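As structure tokens, the structure follows; a few thoughts come after it.
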Protein chains: 2
Amino acid sequence: MSREMVRQGGRSARIQKAVHEASRQLLDEMDRTRITVPMIAERAGVTPSTIYRRWGTLTELMADVAVERLRPAAAPEDTGSTAGDLESFVLQYAEEMSSPVGRALLRDVIAEAQDDDATIRCCQYTHDHLAEISARATARGEPPLDVAGVLDRTIAPICYHILFGDREVTPDYCRTLLTGAGGPG
Amino acid sequence: MSREMVRQGGRSARIQKAVHEASRQLLDEMDRTRITVPMIAERAGVTPSTIYRRWGTLTELMADVAVERLRPAAAPEDTGSTAGDLESFVLQYAEEMSSPVGRALLRDVIAEAQDDDATIRCCQYTHDHLAEISARATARGEPPLDVAGVLDRTIAPICYHILFGDREVTPDYCRTLLTGAGGPG
DNA sequence: ACCTTAACGCAATTTATTTGCATTAAGGCG
DNA sequence: CGCCTTAATGCAAATAAATTGCGTTAAGGT
């Protein structure tokens, strides 16, 4: 019987919110490697076993929190032109992900290998933002964006250098990547 | 006095080798998330505290092992032409990193945020390989490779899609990336 | 209002991590 | 080579984290 498989209301939701909030606070207060499940549980007013049962491991919980945090609050800025929208989005993306917190979020999302749900969703956000910019372009009569191309030629290098730390990801570098990356699809 | 800061000989080296070997074996035998420090210690014939004192955490040990494993055994194949060398290297790179083991190695290297040493070294291997191909090119009289460009336009997208799992990294896809990515620097 | 059961809290148990102290063995020096 | 200093290890105790059994609470459908 499939009467009810997952409960989403009331208590369950409150606990998820409390645990997420506690995790976010701790991430801002101390180094990510010093955070433990019991620590989060105490601040959230929950027993550790609840967290272990719902999320499994600290890694999975952190990935869950990271995805929430990476979910953009608003649609990308509308600057009036596709090139402007794209530059605005990419520069903001690079700045957010370059910060110590952003880097940690990326790492946490990627570290979760069990179900690729977290990483896929994280990717989806970026994809959706680019698709939104592309939709605006066509609404203006401009050619649509090559979303996959921007991912490959702009987003991917940015993530690569942030994750591997082999070079600074500056606004100038991002603009260089954008040159020739925003063509029509 | 700087008489001796780090000991590298005899016993120390044997233990490092034994621990690495045990880690590699376990990585091939079971899921990476089920591996524990005591498990590795037992197989390596070492007490857990030794591992904790030398590597700190399981994450750091795994990153250390991953870097060793990612270090290429030989120089890239010499196919006679720069384009051929590049394609050969990139296809092999993509194949290795796409496998479950390769993915796990990449994740482990990236997860180690403490000192960027692991990620930097991992990057360096790729960079050195490309530089070798470029050196061969100039030796043949061909124009040198734009190493940074290949990293940005070919390696980065491959790593991105492997890490985020948002698409298959097929040989055909790699060849598409190579088109227009291997220009002179 | 009632019933079923997913999700939780609590406490006991198991496992992992840390730490103090004794012991071993690099590696420099006479 | 033998001696000396001390980094690195082993062992065991102490601490902390992760797991598990079981009773309780409260979603959510009837």
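Computed over heavy atoms, backbone and side chain alike; hydrogens, waters and symmetry mates excluded. What you see is a predicted model; the values in this text were computed from it and never measured.
Counting non-hydrogen atoms under 4.0 angstrom, A:S49 reaches a base of the nucleic acid. Across all strands, A:R53 comes closer than 4.0 Å to base atoms (heavy-atom distances).
In plain terms, the two heavy atoms of B:C174 and B:L91 that are nearest each other are CB-CD2, 3.7 Å.
Put simply, CZ on A:R14 is 11 Å from C1' on D:dA27, counting in whole angstrom units. Distance CD (A:Q16) to C1' (D:dA26): 17 Å, rounded to an integer number of Å. Going from atom CE of B:M39 over to atom P of C:dA16 covers 7 Å, rounded to whole Å. Residue B:I51 contributes atom CD1, which lies 12 Å from atom P of C:dA16 at whole-angstrom precision. To the nearest angstrom, C1' of D:dT19 lies 15 Å from CD of A:E60. As rounded to whole Å, 6 Å separates atom P of D:dT9 from atom CZ of B:R11. The interatomic distance linking B:W55 (CH2) with C:dA16 (P) rounds to 18 Å, in whole Å. If you take CD1 of A:I40 and P of D:dA17, they are 11 Å apart, rounded to a whole angstrom.
Relative ring orientation between B:F89 and B:H129 is described as perpendicular, the plane-to-plane angle rising above 60° on a 0-90° scale split at 30° and 60°.
Residue A:G45 is the one, among A:G45 and B:T57, whose nearest nucleotide of DNA chain C lies closer to the 5' end (criterion: closest heavy atom).
A:L130 pairs in a side-chain contact (heavy atoms from CB on, under 4.5 Å) with only one of the listed residues (A:V150, A:V90, A:D146), which is A:V150.
A donor-acceptor pair under 3.5 Å is formed between the side chain of A:R54 and the backbone N or O of A:S12.
Residue A:T50 places at least one side-chain N or O under 4.0 Å from the OP1 or OP2 atom of C:dG9. Taking 4.0 angstrom as the limit, A:T47 places none of its side-chain polar atoms (N or O) nearer than this to OP1 or OP2 of C:dC10.
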